[in-house]
**Q** 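Structure provided below as structure tokens; questions to follow.
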Protein chains: 2
Amino acid sequence: MTRKPNTEPAPASAAPVRAITKEDVARAAGVSHITVSRVINTPEKVSPETRAKVESFIASMGYIPNMLAGGLASRRTRIVAAIVPTISHSIFAETVRGLSEKLSEQGYQLLLGQTNYSETAETALVEAFIGRRVDGLVLTGVQHTARTRQRLKAAGIPVVETWDLTKRPIDMLVGFNNHEAGRAMGDYLINKGYRRMAFIGGEDPRGMARFSGMRDAVLAHGAQEPIHIKIPLGSFLHAGREAIGLLLREHPDVDAVFFSNDVIAAGAAMECIRRGIQVPRQIALAGFANLEIAPEVTPALTTVQISGHQIGLTTAEMLLARFNGLGVAQPICDLGYSIVEREST
Amino acid sequence: MTRKPNTEPAPASAAPVRAITKEDVARAAGVSHITVSRVINTPEKVSPETRAKVESFIASMGYIPNMLAGGLASRRTRIVAAIVPTISHSIFAETVRGLSEKLSEQGYQLLLGQTNYSETAETALVEAFIGRRVDGLVLTGVQHTARTRQRLKAAGIPVVETWDLTKRPIDMLVGFNNHEAGRAMGDYLINKGYRRMAFIGGEDPRGMARFSGMRDAVLAHGAQEPIHIKIPLGSFLHAGREAIGLLLREHPDVDAVFFSNDVIAAGAAMECIRRGIQVPRQIALAGFANLEIAPEVTPALTTVQISGHQIGLTTAEMLLARFNGLGVAQPICDLGYSIVEREST
DNA sequence: GTGAAAGCGCTAACAC
DNA sequence: GTGTTAGCGCTTTCAC
């Protein structure tokens, strides 16, 4: 006998000292624990009668397999970790929703981490998640510390970077070109006849890329260097409201503003309404991401359409393909972008 | 010799066949693996010299402990799972943010699940999370399937229900009384002189409780039975816009509307602006939750203040107290609510 | 202060 | 189709 049988009677308390194991179920059903394992993982390899018997005991005993032990033995946890700057603003929430939806279809769970736009926080989270032996890791952006990259290489797990593009991803990539998207909006605004531009946004790498793209377009057309107003992270609607106030006061000649996302732009739109400023006659406003608020606010926002939800879905599909041993033909997925014209420009 | 030493040379590939273990570090440092374990978990029990030596090897070898194995042996995973209806609307995102913030301070990670307001999805998630042997579980609401309750009892782990109140929680509870909050808003609107009320919201249990509280208040004052317009889940701003349109068309006598959250109310406010309807002169609008959008939209929304973020923080504190062996004196935490009066009523 | 032995609950590889 | 054996990498208990 290699294992001491559990001879003590079950305690009366609701919280058992010890959870039910495969061994317990096996003993009750009169089979070996490996048969119970097969009933759960590869039912087709067990005879129908044995299977039915074991399944009934699993149900009646309320057995829930310990995936910690399973993961340790099989080296597969069926957990994917996602690291986003913040979950509070709809920007990344849609990606998380897409990921969670798709992964749960195949029994994978999502471990979530927030960095507040800090690279060192990202590194710490990456190490914590590697320690949990997640099967895959999803990062936001393509800019990471050397240590993050090195840990990820050493761990050898599938990694997907998102929301941006680069020629040399760590592993896989699902995103769009922020610089090009910014340039497209700059071109659009120039073509609409606007000449004195401003950009209102935070200083995260992707926001900065959009600004720099817009700046390139504007300068290429011989217009003036755009004004850049930086806003703090956090309260986006309010920040947009304050920033547009500042801009109107200090740069009354500006005729078009590009925002690093629609929520900030919506805050600015609301402030313009409150002040009786005509949009786009006096000033044009353009957002980014085509979030839920963009078509709803007055005036409806011209914006750059990208799909946060689709980023989540595609990322999950790539990961699942790798988990299932299917190669991923194209490790870089450019989801593109497009300008959506509405009333605000 | 009880364990076969790892005699093969490390492979040249970036992704090692086998991750570095405590055993590897121990061998390099010339100590036993248990000493490495102590350096990580209880450094005060190791002599400073040994500790320094081991720590330098941990760093140089890039060792990351396998928490799966640790969790299996110690029966503590340092993972908390949270189950919310959806993460896409700021309502629960703030709670998740609070949880994640506070838990990560003590090295706990957050496993996230979404139910889309389905109780059976909740049950499946609860079982999956118990299988992962999470140290604690956070649920939204107090209404759960019998099976969920039974599984949770059997697992014997700390559970916190949130966003509502009940006399008999499964274990712990952090929330507020939705019925009372609805009644308070009903009283407020009556006191402001409104008489013909409507409620616009989804059919989740907490929204229904707010409606029923508001209805009680209105009927107690002898006013007419309020109209209830149900909206689909999903696009809240748009749903608010559509619902207010429907209401204005079919019930032009309504003078005040209570919404099940601020996002829906904001959508309605935007529609009123677009139609040139005077708020609150022609119709008053009141929201719920005091989300970021409430003070920003025009007109600024009267709402019921509650703190999703605080729910997350308090929930995390209760769980951590239990994990650390400190009893939780008061298992039910009523965070209360208050009416915030703004321009819309 | 340090180490040896035992086992957490499961799966992989190999028998029969 | 079913069972046996041998770990997965760690912590716990007990010994020194």
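The structure displayed is predicted, hence computed values, not measured ones. Numbers restart at 1 for each chain; the letters A, B, ... are given by sequence-line order, proteins then strands.
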**Q** How many Å lie between CZ on A/Arg78 and P on C/dT11, as a whole number?
**A**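 Checked: the CZ to P distance equals 11 Å.
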**Q** Looking at A/Arg322 and A/Asp171, is any side-chain nitrogen of the basic one under 4.0 Å from a carboxylate oxygen of the acidic one?
**A**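 Yes, this pair counts.
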**Q** Less than 4.0 angstrom between a side-chain N/O of B/Ser32 and OP1 or OP2 of C/dT2, yes or no?
**A**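 B/Ser32 to C/dT2 OP1/OP2: no side-chain N or O under 4.0 Å.
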**Q** Within the pair A/Tyr63 and C/dG9, is there a side-chain N or O less than 4.0 Å away from OP1 or OP2?
**A**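 So the side-chain polar atoms of A/Tyr63 never come under 4.0 Å of the phosphate oxygens OP1 or OP2 of C/dG9.
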**Q** Report the residue (B/Arg38 or B/Leu72) whose heavy-atom-nearest nucleotide on DNA chain C is the more 5′ of the two.
**A**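 Checking each residue's closest nucleotide, the 5'-ward one belongs to B/Arg38.
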**Q** At less than 4.0 Å, is any side-chain N or O atom of A/Ser74 found next to OP1 or OP2 of D/dC8? Yes or no.
**A**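 Looking at the OP1 and OP2 atoms of D/dC8, neither is under 4.0 Å from any side-chain N or O of A/Ser74.
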**Q** Tell me: CD1 of A/Ile58 to P of C/dC10, nearest whole Å?
**A**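 In whole Å, C/dC10 P and A/Ile58 CD1 are 11 Å from each other.
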**Q** Can you see if the side chain of A/Arg75 gets near the phosphate of D/dG9 - specifically, an N or O under 4.0 Å from OP1 or OP2?
**A**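 Checking D/dG9 against A/Arg75, a side-chain N or O does come within under 4.0 Å of OP1 or OP2.
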**Q** Does a side-chain N or O from A/Asn66 land closer than 4.0 Å to OP1 or OP2 of C/dC8, or not?
**A**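 So the side-chain polar atoms of A/Asn66 never come under 4.0 Å of the phosphate oxygens OP1 or OP2 of C/dC8.
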**Q** From C-beta outward on B/Val46, which listed nucleotide comes closest to its side chain: C/dT2, D/dG9, D/dG3?
**A**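 Looking only at side-chain atoms, B/Val46 lies closest to C/dT2.
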**Q** Nearest whole angstrom, please: distance from the P of D/dC10 to the CZ of A/Arg132.
**A**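 It is 14 Å, rounded to the nearest whole Å.
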**Q** Does D/dG9 have its OP1 or OP2 closer than 4.0 Å to a side-chain nitrogen or oxygen of B/Thr21?
**A**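 So the side chain of B/Thr21 is outside the cut-off, no N or O lying under 4.0 Å from OP1 or OP2 of D/dG9.
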**Q** Taking the side chain as every heavy atom from C-beta outward, state whether A/Thr115 and A/Thr140 have any pair of such atoms under 4.5 Å apart.
**A**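 A side-chain contact under 4.5 Å is absent here.
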**Q** Using atom CD1 of B/Ile34 as one end and atom P of D/dC16 as the other, report the distance to the nearest whole Å.
**A**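 After rounding, the reported distance stands at 17 Å.
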**Q** Is there a donor N/O on one and an acceptor N/O on the other, under 3.5 Å, for the side chain of A/His33 and the base of C/dT11?
**A**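 Yes, a donor-acceptor pair under 3.5 Å.
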**Q** Measure NZ/B/Lys45 against C1'/D/dA15 and give the value in whole Å, please.
**A**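 The distance from NZ of B/Lys45 to C1' of D/dA15 comes to 15 Å, rounded to the nearest Å.
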**Q** Rounded to whole Å, please give me the gap between CG in B/Asp24 and P in D/dG9.
**A**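 To the nearest whole Å, that distance equals 9 Å.
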**Q** Grab the CD1-P distance between A/Ile40 and C/dT11 for me, whole Å please.
**A**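 Distance check: A/Ile40 CD1 to C/dT11 P gives 7 Å.
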**Q** Do B/Thr166 and B/Glu161 have side-chain N/O donor and acceptor atoms under 3.5 Å apart?
**A**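 There is no such pair (donor and acceptor under 3.5 Å, judged by atom type) between the side chains of B/Thr166 and B/Glu161.
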**Q** Report yes if at least one side-chain N or O of A/Arg133 is closer than 4.0 Å to OP1 or OP2 of D/dG9; otherwise report no.
**A**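 Answer is no, no contact under 4.0 Å.
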**Q** Ignoring backbone atoms, test whether A/Thr50 places a side-chain nitrogen or oxygen under 4.0 Å from the OP1 or OP2 oxygen of D/dT2.
**A**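 Yes, such a contact exists.
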**Q** Considering just the side-chain nitrogens and oxygens of B/Ser47, establish if one lies under 4.0 Å of OP1 or OP2 belonging to C/dT2.
**A**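 Yes, such a contact exists.
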**Q** Are the aromatic ring centres of B/Phe57 and B/Tyr63 under 6.0 angstrom apart?
**A**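 That pair fails the under 6.0 Å test.
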**Q** Between B/Gln109 and A/Arg132, is there a side-chain donor-acceptor contact under 3.5 Å, judged purely by atom types and distance?
**A**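 Yes, side-chain donor-acceptor contact under 3.5 Å.
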**Q** Send over the distance from A/Glu49 CD to D/dT2 P, rounded to a whole Å.
**A**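 Taking atom P of D/dT2 as the reference, CD of A/Glu49 is at 8 Å.
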